[in-house]
Amino acid sequence: MKKIWRVFLEMLRLQFETIMVFRFDFFAPFFVDGSLFVIQLMAFWAIYKNVDTIGGWNQGEMVIYIGTFSLINAINMVIYFFGLNTLPAKVKSGELDLYLTKPISPLFRLTFEKITPGSIPLVLMSLCILIYGMRMTEYEYQISKIAAYCFWVLVMEILYYEMEVLFRAASLFLITNARLEQIEEAGISLCMKVPGIALYGGYKIIFYLVLPYGIMATFPVQSLIGDMNWKRALYGIGIVVLFSILTRFVWKQGLRQYRSASS
């Protein structure tokens, strides 16, 4: 554990040194992601400003939902997105070979080697939306509910990470995973706008089980507003455990199937 921690700190130090040399690497993600964030916010406002309730949630609860999904996605952008997103290119070029020869897990290195401080403002913007939504509602937000909310955000962040690994690990089996990434983007885009409580029938099966983006922001919000019960809690934990096992299996099998592009 100490070795992993030292490696993590060293990667973090190198990343910050790179940012200090190439300061554009800090401001570019902030500008691009911030612009996208504002556009999405304007789209959400256009959709929900004339709607009183969606699936039983009022406007304040929907604002909390939007802030929660944005927060989960922003944390993803800060910590692991830009590292994991390079996996398909590294597989195609054979650069993954270098990761396999190092005395550290290649997945660990891919996850943390491109931490992006330039996306931190997106986390702060998401928190502002979240706080604004909480002020729009009439709930009494006790410390226990806020703690439960933070727990579920952490759990769903893990699920988000597992989904990203699965979609990108497909490049270890396929020539290209571009179509899979399109499915991923479509699922995230839909579930970022529509909460899980508004999904029924086949859509609920898909986005609660197959591509569980529908629960990622829904469960934290339900825990915050006091609508979380033990059945939902067990289901949420079960899904995360299931996808953790699946991710580990797919990753290991993918490395066994991997053939260097340079061989």
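Distance alone, capped at 3.5 Å, is enough to place a donor-acceptor pair between the T116 side chain and the K114 backbone. Checking side-chain atoms of T111 against main-chain N and O of L107 turns up a donor-acceptor pair under 3.5 Å. Remark: the backbone N or O of N58 is paired with a side-chain donor or acceptor of E61 at under 3.5 angstrom.
When the shell of 6.0 Å around CD of Q182 is examined, it contains more than 12 heavy atoms from other residues, nucleotides or ligands. More than 12 heavy-atom neighbours from other residues, nucleotides or ligands sit within 6.0 angstrom of CG on L124.
N73 has its side chain within reach of Y160: a pair of non-hydrogen atoms, C-beta onward, lies under 4.5 Å apart. Proximity of V221 to W57: side-chain heavy atoms (C-beta onward) are separated by under 4.5 Å at one or more points. Y235 is listed as a side-chain neighbour of L209, based on a closest heavy-atom distance under 4.5 Å. L172 is listed as a side-chain neighbour of L96, based on a closest heavy-atom distance under 4.5 Å. In this structure, the side chains of S171 and L87 come closer than 4.5 Å at one or more pairs of heavy atoms. The shortest distance between side-chain heavy atoms of P212 and L159 falls below 4.5 Å. The shortest side-chain heavy-atom distance between M216 and M163 falls under the 4.5 Å cut-off. Within the 4.5 Å cutoff, side-chain heavy atoms of R232 are placed close to those of D227.
Defined by atom type and a distance below 3.5 Å, a donor-acceptor pair is missing between the side-chain atoms of Y80 and N85. Y99 and E113 form a side-chain donor-acceptor contact under 3.5 Å, judged by distance and modelled atom types alone. Residues Y161 and T247 have side chains that never bring a donor and an acceptor to within less than 3.5 angstrom of each other.
Transitive grouping of hydrophobic side chains (ILVMFWY, heavy atoms separated by less than 4.5 Å) keeps V165 and L242 in distinct clusters. Both F108 and I158 are assigned to one and the same hydrophobic cluster, defined by single-linkage of ILVMFWY side chains at heavy-atom distances under 4.5 Å. Cluster annotation: L154 and F69 are assigned to distinct hydrophobic clusters (Ile/Leu/Val/Met/Phe/Trp/Tyr, side-chain heavy-atom contacts under 4.5 Å, transitive). M62 is not connected to I131 by any chain of hydrophobic side-chain contacts under 4.5 Å among Ile, Leu, Val, Met, Phe, Trp and Tyr, and they are in different clusters. Residue I245 is grouped with residue F243 when hydrophobic side chains (ILVMFWY) are merged at heavy-atom distances under 4.5 angstrom, including chains of intermediate members.
Shortest non-hydrogen contact noted between W251 and P106 is CZ2-CG, 4.0 Å. When every heavy atom of P88 is checked against every heavy atom of E181, the shortest pair comes out as CG-OE2, 3.9 Å. Counting all heavy atoms, side chain and backbone alike, Y149 lies closest to P220 at CD1-O, 3.1 Å. The heavy-atom pair separating V250 from A169 by the smallest distance is CG1-CB, 4.1 Å.
Taking CD of Q59 as the reference point, atom CD1 of I64 lies at 12.5 Å (rounded to 0.5 Å). With rounding to the nearest 0.5 Å, the separation of CD in E164 from CG in N76 is 4.0 Å. Here the CE-OG distance, from M156 to S223, works out to 9.0 Å after rounding to the nearest 0.5 Å. To the nearest 0.5 angstrom, I120 atom CD1 is 12.5 Å from M125 atom CE. Here Y139 contributes atom OH and L224 contributes atom CG; the two are 9.0 Å apart, rounded to the nearest 0.5 Å. The distance from the OG atom of S105 to the CZ atom of F112 is 10.0 Å, given to the nearest 0.5 Å.
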What do the steps show when you test L211 against I183 for side chain to side chain contact (heavy atoms under 4.5 Å, CB included), and what is the final call? CA-CA 10 Å; L211 300 173; I183 293 174; 3.9 Å; yes
Output, in order, the C-alpha distance, side-chain angles, deciding distance and verdict of side chain to side chain donor-acceptor pair (under 3.5 Å) for Y208 and T218. CA-CA 10 Å; Y208 266 58; T218 302; 4.7 Å; no
What's the verdict on side chain to side chain contact (heavy atoms under 4.5 Å, CB included) for D97 and Y258, showing C-alpha distance, side-chain angles and the deciding distance? CA-CA 10 Å; D97 295 2; Y258 172 68; 2.6 Å; yes
Run the side chain to side chain contact (heavy atoms under 4.5 Å, CB included) test on L100 and L255 for me, step by step, so that the C-alpha distance in whole Å, both residues' side-chain angles and the decisive distance to 0.1 Å come before the verdict. CA-CA 9 Å; L100 297 176; L255 290 182; 3.9 Å; yes
Y65 and Q222: side chain to side chain donor-acceptor pair (under 3.5 Å), yes or no, with the steps? CA-CA 9 Å; Y65 176 83; Q222 288 178 321; over 6 Å; no
Pair L246, E162 - check side chain to side chain contact (heavy atoms under 4.5 Å, CB included), show working. CA-CA 9 Å; L246 179 61; E162 291 162 351; over 6 Å; no
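In this structure, K145 is not positioned above the aromatic face of Y141 in the sense of NZ or CZ being under 6.0 Å from the six-membered ring centre and within 45° of the axis.
A parallel orientation is assigned to the rings of F167 and Y213, their planes being inclined by less than 30° (bins at 30° and 60°).
Residues R168 and E184 are paired through a salt bridge, judged by an N-O separation under 4.0 Å between the basic side chain and the carboxylate.
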